[in-house]
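The first residue in the sequence is number 1, and the count goes up from there.
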Amino acid sequence: MGIFSSNRKEGPGVRKNEAQKKGFFRFTELYFRKFWDLCKVNLLFVACMVPLLGLSYLGLKYFPQNINGLALLIPPALCGPLVAGMTYVVRNFVTERHAFLFSDFLEQAKKNLAQSLAVSLLDTVAGYLLFLAIRVYLTRMQYESLVFALPFALAMVLALIFLFMNYYVFLMIVTVDLPLTGILKNALLFCVLGIAKNLFITVWGGVLLFACLWYFPLTLFFIVPIGFTTFTMITCFNAYPIMDKYIVTPYYQRQKEEHPELFDDEPVFHDELIEEQPHSELMDTWNSRKPQDK
């Protein structure tokens, strides 16, 4: 049996009337129950990132000196499929569904290759441009004129919106069958609908990032074994309920009304249904069902 295999059989799922812990207590219980699986997925992610880090090193060494710094962007630009695979497995941990750690990771990375790679490339380009804009406007505001406070503030707001969108993009890539434009549109809406959760993820993510940078390289003992999956679990735990409320559950309710023979009284989630739906049906959720109707 390999290190990434699992001998657990798929259970019946979470039952509707089953009592569950909530909030911090549920997160803590899930996190420590899945701790070793999170470590395995994190190590798999890090192992798959090694070739990208190697490309970055070669770029730093052999690119012309005036542009070799751009080689640092190679890993984030190309890691999208790996993030998709990790997100799928960790999402299953959060929703308490079965996952084959190794095979599901690789299958989802391959299955969502095009969309996830497009997102990581977009993230890298947009993130780099926003970073440059914030740095330039901050410098000019400090040394030239307060007039630059307005574009600086605008760049900061855009960066925050961009960050919030990323909490949902990969979750939607591995959960629903939508074109990338639909995913980005919904992610933008979730920036507002999930504002409290988004701020919570940002605060705790910021604390983790600050601690990892401040105590580096000691924090490699956290980053390498479980750092990436810890942040992914914080994100999935808080962002998935928003997506479930406005997309997944309304879709299932409509499907249950139209095709009751596809449902029974046991599980509350069926991956195969949400992944086979027509693109237009899911996007129409925003028009056919208002958030307050849930």
Side-chain angles (χ1 to χ4, degrees), residues 45 48-49 52-53 55-56 59-60 63 66-88 108-109 112-141 148-176 178-195 197-206 208-210 212-213 227-228 231-232 234-236 238-239 242-243 283 286:
F45 177 81
C48 292
M49 285 291 293
L52 301 182
L53 294 172
L55 287 175
S56 181
L60 286 170
F63 282 0
N66 58 332
I67 62 167
N68 65 353
L70 294 177
L72 295 173
L73 301 179
I74 292 175
L78 301 180
C79 73
L82 304 180
V83 176
M86 177 173 60
T87 301
Y88 178 86
Q108 292 299 317
N112 299 290
L113 177 66
Q115 283 191 334
S116 58
L117 188 58
V119 168
S120 61
L121 287 168
L122 177 63
D123 278 350
T124 303
V125 173
Y128 181 68
L129 292 177
L130 284 169
F131 169 76
L132 289 180
I134 290 171
R135 188 176 69 172
V136 168
Y137 290 134
L138 178 61
T139 301
R140 300 193 72 174
M141 181 180 68
F148 292 99
L150 183 58
F152 170 76
L154 180 60
M156 289 294 292
V157 170
L158 289 175
L160 194 61
I161 292 173
F162 183 71
L163 179 65
F164 287 176
M165 289 176 66
N166 271 276
Y167 298 154
Y168 301 94
V169 169
F170 283 99
L171 262 176
M172 282 190 280
I173 286 176
V174 300
T175 304
V176 298
L178 275 176
L180 186 55
T181 52
I183 287 174
L184 295 176
K185 171 189 172 183
N186 288 342
L188 184 59
L189 291 169
F190 287 144
C191 289
V192 178
L193 295 174
I195 184 66
K197 295 283 190 179
N198 299 338
L199 291 172
F200 184 85
I201 297 170
T202 303
V203 168
W204 281 104
L208 278 178
L209 179 62
F210 176 80
C212 287
L213 294 175
F228 295 104
F231 178 73
T232 303
I234 292 172
T235 302
C236 289
N238 289 281
I242 305 298
M243 191 177 72
M283 294 186 72
W286 292 106

Quick one: do Asn186 and Val176 satisfy side-chain contact (heavy atoms from CB on, under 4.5 Å)? Show the steps, please.
-> CA-CA 11 Å; Asn186 288 342; Val176 298; over 6 Å; no
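- A 6.0 Å sphere centred on CE of Met156 holds no more than 12 heavy atoms belonging to other residues, nucleotides or ligands.
- Annotation: side chain of Thr235 is not in contact with side chain of Thr232 (no heavy-atom distance under 4.5 Å).
- Taking 4.5 Å as the limit, some side-chain heavy atom of Ser120 sits within range of a side-chain heavy atom of Leu117.
- Among Leu171, Thr175, Ile173, Asn112, the single residue meeting the side-chain contact (heavy atoms from CB on, under 4.5 Å) criterion with Thr87 is Leu171.
- More than 12 heavy atoms of other residues, nucleotides or ligands sit less than 6.0 Å from atom CZ of Phe164.
- The 12-atom threshold is exceeded at CZ of Phe148, counting heavy atoms of other residues, nucleotides or ligands nearer than 6.0 Å.
- Side-chain contact between Lys185 and Leu188 is absent, with no heavy atoms from C-beta onward closer than 4.5 Å.
- For the side-chain contact (heavy atoms from CB on, under 4.5 Å) with Asp123, the qualifying choice from Leu163, Asn166, Val83 is Asn166, the only one to do so.
- With contacts defined as side-chain heavy-atom distances shorter than 4.5 Å, the pair Asn238/Tyr167 does not qualify.
- The CE atom of Met141 sits 5.0 Å away from atom CG of Leu138, with the distance rounded to the nearest 0.5 Å.
- Rounding to the nearest 0.5 Å places CE of Met49 at 9.0 Å from CG of Leu78.
- Contact between Val169 and Ala187 at its shortest, heavy atoms only, is CG2-CB, 3.9 Å.
- Of the inter-residue distances, the one linking Met243 atom CE with Lys197 atom NZ reads 13.5 Å to the nearest 0.5 angstrom.
- Side-chain contact between Leu130 and Phe162: present, with at least one pair of heavy atoms (C-beta onward) separated by less than 4.5 Å.
- Expressed to the nearest 0.5 Å, how far CZ of Phe170 lies from CE of Met86 amounts to 9.0 Å.
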Could you go step by step and tell me if Ile161 and Met165 meet the side-chain contact (heavy atoms from CB on, under 4.5 Å) rule?
-> CA-CA 6 Å; Ile161 292 173; Met165 289 176 66; 4.2 Å; yes
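- Scanning both residues, Leu55 and Ile74, for their nearest heavy atoms gives O-CD1, 3.9 Å.
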Starting from the C-alpha separation in whole Å, work towards a yes-or-no answer on side-chain contact (heavy atoms from CB on, under 4.5 Å) for Leu70 and Tyr128.
-> CA-CA 10 Å; Leu70 294 177; Tyr128 181 68; 4.0 Å; yes
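- Taking both residues in full, the closest heavy atoms of Leu180 and Ala118 are given as CD2-CB, 3.9 Å, listed atom of the first, atom of the second, then distance.
- When all heavy atoms of Ser56 and Ala71 are compared, the pair lying nearest together is OG-O, 2.8 Å.
- No more than 12 heavy-atom neighbours from other residues, nucleotides or ligands sit within 6.0 angstrom of CZ on Phe228.
- To the nearest 0.5 Å, atom OG1 of residue Thr202 and atom CD1 of residue Ile234 are 11.0 Å apart.
- Between the side chain of Asn68 and the backbone N or O of Phe63, no donor-acceptor pair lies under 3.5 Å.
- For the atom pair Leu60 CG and Ile67 CD1, the distance stands at 11.0 Å (nearest 0.5 Å).
- Ring geometry, Phe190 versus Tyr168: the interplanar angle falls from 30° to 60°, so the pair is classed tilted.
- Residues Tyr88 and Val174 approach most closely at CD1-O, 3.9 Å, considering heavy atoms.
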